Amino acid sequence: MLERCFFQRDPVTCARELVGCKLTCGMLSGIVVETEAYDAEGDDACHTAFRPSARAFVGGQQPGAAYVYFSYGVHWMLNVLVKAERAGFVLIRALEPLEGIDEMRKARGVHDLRQLCSGPGKLTKALGITGCHHGRDMCSDANFAFSRGPADRSINTSLRIGISRAMELPWRFYAAGNLHVSRTSPKEGRAGVEPARL
DNA sequence: ACTAAGATTCGC
DNA sequence: CGAATCTTAGTA
């Protein structure tokens, strides 16, 4: 399982390095193939910019804590709190299904592997992640944690998806060429280029 | 109390 | 392209 110090770095670094790691939830798991970084300061798209409860979460929880919220009255979104000199969240946007694929198919009601976890709302449904996971410490929970992935492949960068503020920040990271990414980039980032920092 | 907006997904 | 459906937060 990834130790606490993994999450004691800035959100952009954590988001990029979580791509390729494995997410395990009970008997189910998948490889993280897409993430986004949200910075608790100076990022108008981060929940901390307009939600006092998010600021309280950042202040009161340890790095590695799961930040799970309900979106559009329909879908759960999984984030991980990261904290160093800068704090923020990493949104988990897509997985490549690994273990428990039949369970995921049952939970999602679709058979196609590419449809199981190719979106932030899809993967929580597939793995059974809900509000009861909110606040759980992913550095000490044997049933809900990240671990090192197989090998690192090349990672691409793009603008974040589905937000209406701070749209210029290239803080989305995804495994190049992976079939389980949520969708093609709004504006394709160049592989190997360092993303902008604050 | 009432209203608005939202890091999405699916179906028409 | 629009509905689904609910939580948080701002305003009265």
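Atom set for the values below is all heavy atoms of this structure, side chains included, hydrogens, waters and symmetry mates excluded. Keep in mind that this is a model prediction, so the values were computed, not measured. Letters A, B, ... are given to chains in the order of the sequence lines, protein chains preceding strands, and every chain is numbered from 1.
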*Cation-aromatic face contact A:Arg51/A:Tyr69, 6.0 Å, 45 degrees*: yes
_B:dG6, OP1 or OP2 - any side-chain N/O from A:Ser164 closer than 4.0 Å?_
yes
*Measure from OH on A:Tyr174 to P on B:dA7 and round the result to the nearest Å.*
21 Å
*asked:* Counting only side-chain nitrogens and oxygens, does A:Arg108 get under 4.0 Å of the OP1 or OP2 atom of B:dC10?
replied: yes
*How long is the line joining CG of A:Asp112 and P of B:dC10, in whole Å?*
12 Å
*Calculate the interatomic distance between A:Phe50 atom CZ and B:dA7 atom C1'; express it in whole Å.*
8 Å
*Note, A:Phe89 side chain near A:Leu81 side chain (heavy atom, < 4.5 Å)*: yes
*In whole Å, what is the span from the CG atom of A:Leu123 to the P atom of B:dT9?*
8 Å
*For B:dA7, the Watson-Crick or wobble counterpart (both distances under 3.5 Å)*: none
*Any idea which of C:dA9, B:dA7, B:dT8 is nearest the A:His47 side chain?*
B:dA7
*Looking only at side-chain atoms of A:Arg51, point me to the closest of C:dA9, B:dG6, C:dA4.*
C:dA9
*Candidates B:dA7, B:dT9, C:dT8 - which lies nearest the side chain of A:Pro120*: B:dT9
*Assert yes or no for the condition that the ring centre distance of A:Tyr38 to A:His47 is strictly below 6.0 Å.*
no
*asked:* Below 30° counts as parallel, above 60° as perpendicular, anything between as tilted: where do the rings of A:Phe70 and A:Trp76 land?
replied: tilted
_Any-strand Watson-Crick or G-U partner of C:dG10, both distances under 3.5 Å_ = B:dC2
_Nearest-angstrom distance from the residue atom CH2 of A:Trp76 to C1' of B:dA7_ = 15 Å
*For residues A:Trp171 and A:Thr35, determine if any side-chain heavy atom of one lies less than 4.5 Å from a side-chain heavy atom of the other.*
no
*Using the closest heavy atom to pick a nucleotide of DNA chain B for each, name whichever of A:Arg165 or A:Gly119 lands nearer the 5' end.*
A:Arg165
_Nearest whole Å is fine: how far is C:dC6 C1' from A:Tyr72 OH?_
13 Å
*asked:* Nearest whole Å is fine: how far is C:dT7 P from A:Phe57 CZ?
replied: 18 Å
*Would one find a side-chain N or O of A:Ser53 under 4.0 angstrom from OP1 or OP2 of C:dA9?*
yes
*Check the distance between C:dA4's P and A:Phe70's CZ and give it to me in whole angstrom.*
15 Å
